[in-house]
Every structure is written in structure tokens, then in C-alpha cells.
Amino acid sequence: MNTIVTVLASSSPSRLSLLRQAGIEPVVIRPQVDENAVVEEVSPQSVIDEVALLAQTKAHAVITALAQDPHEDLVGTADTCVLIACDSLLELNGESVGKPGNAQATAEVWKRLRGKSAVLHTGHCIALLRRGRAGWDLIDQADAVGSTTLHTADISEEEIAAYCKTGEPFHVAGALTIDGYGAAFVKSLEGDHTNVIGLSIPLARTLVTGLGISWPKLWKITST
């Protein structure tokens with residue numbers, strides 16, 4: 001009987017939480033990727049191209065790591081691996097907005113963003129690996145970008161300052177998230193809300209199914 005392990009190629013707590021809420025307990029292997037260097041080398045032509053590129057780069061960084069070290073302490077004796085990698089960016093007025101990193105940059109983003117609409121793009125790269133004699137072999141790969149439009153509230157300077165004090169927006173794409181303090185500042189969404197958090201569960205299921213794996217096979221509790 002084939003056994004399947006899910007690997008999340010990300011250090012994002014939000015993506016891990018989303019998968020856990022969807023019934024999946026993934027092994028987390030952080031990709032070693034210099035994102036700025038990748039973007040500078042390739043110069044993607046759009047925000048969509050950029051998130052797709054970064055998701056693929058993260059996936060292949062972990063695939064390479066597994067080829068060099070099967071990580072049996074993490075993946076156990078599974079003979080099939082479904083590897084999930086993602087990257088998110090906010091597109092605001094045609095420009096990409098990543099993680100602001102500090103209060104000043106966050107405030108600058110929100111002064112441009114408040115009362116307006118923007119699109120959160122998340123690139124997904126899902127790879128199917130099989131255990132071979134020498135380690136893990138890449139069998140197939142599926143890629144897609146999920147896009148969700150956000151309509152933000154016209155928040156005040158005081159609210160921006162208070163949001164910055166929480167530290168929450170410093171390390172999330174576009175300086176906002178809808179699963180925390182920032183939820184109060186997003187009036188409505190057009191599209192999948194999990195995509196905004198960092199990993200579209202419906203899109204991931206579609207990609208996994210396209211690779212020939214039934215989504216419930218990834219659940220930690222087998223469906224009856």
C-alpha cells in the first residue's frame with residue numbers, strides 16, 4: 001500500500017495553519033532561497049509572473065534538498081511525496097508589494113492602500129515525488145496562480161499607527177492579513193479568502209487532483 005507524506009516548502013505559520021485546518025499535517029522544510037536575487041536575475045514581467053517564479057523556485061530548492069538528503073527523520077517511510085510551495089504578493093496600482101518589514105514601510109503602504117482595491121496573488125507549485133533507489137525523484141509538477149481582489153476600508157492615521165504597533169503586518173505580503181488584526185480593515189473580497197492568507201486550499205486540491213492524487217489521501221485521518 002502506497003503511503004503519502006505532504007511537505008510544505010515554507011516557513012509561513014499561516015500556510016501551515018491553513019493546511020492543518022484542512023485536515024493535513026505536513027512536514028515543514030524551509031526552502032533556502034534568496035528571493036531578491038531570483039527576481040533580479042529573471043526580471044519577471046508582471047506580479048503574477050513573479051509569484052509563479054518564486055513558488056517554483058522554492059519548490060525546486062526543497063526538491064534539491066530532498067535529492068541530497070531524503071530527510072527520513074521527517075518523512076518517514078512514505079513512498080510518495082506531495083510537495084507544496086507558495087509565494088504571495090499584493091498588486092497595488094500595477095506594482096508588487098511584498099513584506100514591508102518595519103513600521104515606516106507598513107505605514108507608507110497603508111497610506112496608498114486605504115480606501116482602495118488591490119489584488120493579492122499567490123503562486124502555487126505542487127510537485128509529485130516518488131521514492132527511488134537513490135532518493136526522491138520528481139514525477140510531475142502542477143503550477144497555478146490564485147488571485148483575490150481586496151477592497152479596503154478608508155482607515156485613519158490613528159488606525160494605521162495602531163496596526164503598526166501590533167507588528168502583525170511587517171512580515172506578510174502587502175502589509176495586511178485577514179486572519180488577524182488586519183481583518184477589520186478589509187471590507188470585502190472577490191475570490192478565495194484562503195488565497196489571501198497565503199495558500200488557496202481549493203486551488204491546491206485542484207492541482208493535487210490533477211497530479212493523480214485524491215485530496216482526502218492527504219488527510220491525517222482517513223475518510224470513511
Side-chain angles (χ1 to χ4, degrees), residues 4-20 22 24-90 96-99 101 120-146 170-174 194-195 197-201 203-208 210-213 218:
I4 301 174
V5 62
T6 304
V7 169
L8 175 62
S10 174
S11 58
S12 165
S14 295
R15 293 184 181 121
L16 176 59
S17 178
L18 281 170
L19 286 175
R20 284 175 169 169
I24 299 169
E25 187 63 44
V27 170
V28 176
I29 302 178
R30 182 176 181 176
Q32 300 300 316
V33 173
D34 184 337
E35 297 182 24
N36 291 331
V38 171
V39 172
E40 184 176 345
E41 179 181 357
V42 178
S43 298
Q45 298 301 302
S46 68
V47 181
I48 288 178
D49 290 342
E50 186 173 344
V51 293
L53 168 68
L54 290 173
Q56 292 162 10
T57 302
K58 290 177 180 180
H60 283 272
V62 173
I63 292 170
T64 299
L66 285 170
Q68 296 171 348
D69 176 1
H71 286 68
E72 292 183 357
D73 57 324
L74 296 176
V75 303
T77 59
D79 52 26
T80 300
C81 172
V82 172
L83 186 147
I84 301 173
C86 297
D87 189 83
S88 298
L89 287 170
L90 186 74
S96 66
V97 181
K99 302 171 185 176
L120 195 291
H121 301 291
T122 297
H124 298 68
C125 179
I126 299 183
L128 177 64
L129 310 177
R130 303 281 189 198
R131 192 188 291 273
R133 292 183 178 180
W136 291 98
D137 299 322
L138 175 62
I139 303 301
D140 203 354
Q141 175 181 319
D143 306 285
V145 174
F170 297 173
H171 307 294
V172 291
T194 61
N195 188 67
I197 301 172
L199 194 165
S200 172
I201 296 298
L203 180 55
R205 187 204 68 83
T206 297
L207 296 176
V208 168
L211 292 173
I213 301 293
L218 305 187

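Residue numbers start at 1 and run along the sequence shown. Because the structure is a prediction, the values reported are computed rather than measured.
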N/O donor-acceptor pair under 3.5 Å between [X] side chain and [Y] backbone:
X	Y	value
T194	I201	yes
T122	N195	yes
S17	P13	no
R15	G198	yes

Is the closest side-chain heavy-atom distance between [X] and [Y] below 4.5 Å?
X	Y	answer
S14	H171	no
V82	L211	no
L66	L83	yes
S10	L16	no
E35	D87	yes
C125	K58	no

CD1 (I24) and OG1 (T6) are apart, to the nearest 0.5 Å, by 5.5 Å
Next item on the list: Compute whether any side-chain donor of one residue and acceptor of the other, for H121 and E50, lie under 3.5 angstrom apart.
Entry: no
